[in-house]
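Side chains included, hydrogens not; waters and symmetry mates left out as well; all remaining heavy atoms used.
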Amino acid sequence: STRELRGVMAHELAHVKHRDILTSSVAATIAAAIMTISRFAMFFGSARDDDRRGSNPIAMLATIILAPIAAMLIQMAISRSREYDADAGGASIAGTPAGLVCALQKLEAASKAVPLDANPATAHMFIIKPFSVSGLAGIFSSHPPTKDRVEALLHPHQ
């Protein structure tokens with residue numbers, strides 16, 4: 001419907017207004033830098049410890065494994081918070097959250113009936129999360145759960 005289209009377009013315009021592409025690009029750059037530094041640590045950390053003083057292979061391994069995961073979690077958390085802000089901004093632009101709420105609910109129902117064809121690299125381009133992940137795996141999602149977004153739109157200051 002026109003009301004739903006207006007809500008979705010307002011959501012996307014809010015992303016533009018809030019400069020979310022810049023924000024996500026900075027987050028991705030920082031995440032890439034953290035991953036690169038952790039990889040350098042593997043090579044330069046072991047090369048300088050030829051005499052075995054101060055060498056802690058467990059700490060080195062933890063850094064190599066945990067740093068990229070931490071960077072990705074930070075990037076996903078920023079992405080999820082940007083979705084909530086775009087929802088609120090879109091409701092403000094459209095004048096009401098009703099159209100976006102209805103569109104989100106329809107998209108969620110449709111994605112359960114016919115799963116969206118996406119991969120993790122393109123997940124951020126969808127208006128709802130394209131994968132049916134829940135529980136601990138949900139922390140890697142670029143979008144918050146639709147029911148949480150709808151609740152935030154209907155009750156903005158709770």
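When hydrophobic clusters are built by joining Ile, Leu, Val, Met, Phe, Trp and Tyr residues whose side-chain heavy atoms come closer than 4.5 Å, directly or via intermediates, L107 is grouped together with L100. Put simply, V26 and I34 are part of the same group of oily side chains (I, L, V, M, F, W, Y) that touch within less than 4.5 Å, one to the next.
Minimum interatomic distance between A14 and I93 (heavy atoms only, all atoms of both residues): N-CD1, 4.0 Å. Among all heavy-atom pairs drawn from V8 and A103, the shortest one is CG2-CB, 3.6 Å. In plain terms, the two heavy atoms of P144 and R80 that are nearest each other are N-CG, 3.8 Å. The two residues A10 and G90 have their closest heavy-atom pair at CB-O, 3.2 Å.
Distance check: T2 OG1 to M9 CE gives 12.5 Å after rounding to the nearest 0.5 Å. Interatomic distance, I30 CD1 to I74 CD1, rounded to the nearest 0.5 Å: 8.5 Å. Residue I78 holds its CD1 atom at 13.5 Å from CD of E83, rounded to the nearest 0.5 Å. Rounding to the nearest 0.5 Å gives a distance of 10.5 Å between CG of D20 and OG of S25. The distance from the CG atom of D85 to the OG1 atom of T23 is 9.5 Å, given to the nearest 0.5 Å. Taking CG of L13 as the start and NE2 of H18 as the end, the distance is 10.5 Å to the nearest 0.5 Å.
Side-chain contact between R3 and C102: present, with at least one pair of heavy atoms (C-beta onward) separated by less than 4.5 Å. Looking at heavy atoms from C-beta onward, L104 lies in side-chain contact with L153 at the 4.5 angstrom threshold. In this structure the side chain of H11 reaches within 4.5 angstrom of the side chain of R149, judged on heavy atoms.
Counting only distance, with no hydrogens or angles, the side chain of T36 and the backbone of A32 share a donor-acceptor pair below 3.5 Å.
Within 6.0 Å of the CG atom in L154, the count of heavy atoms belonging to other residues, nucleotides or ligands exceeds 12.
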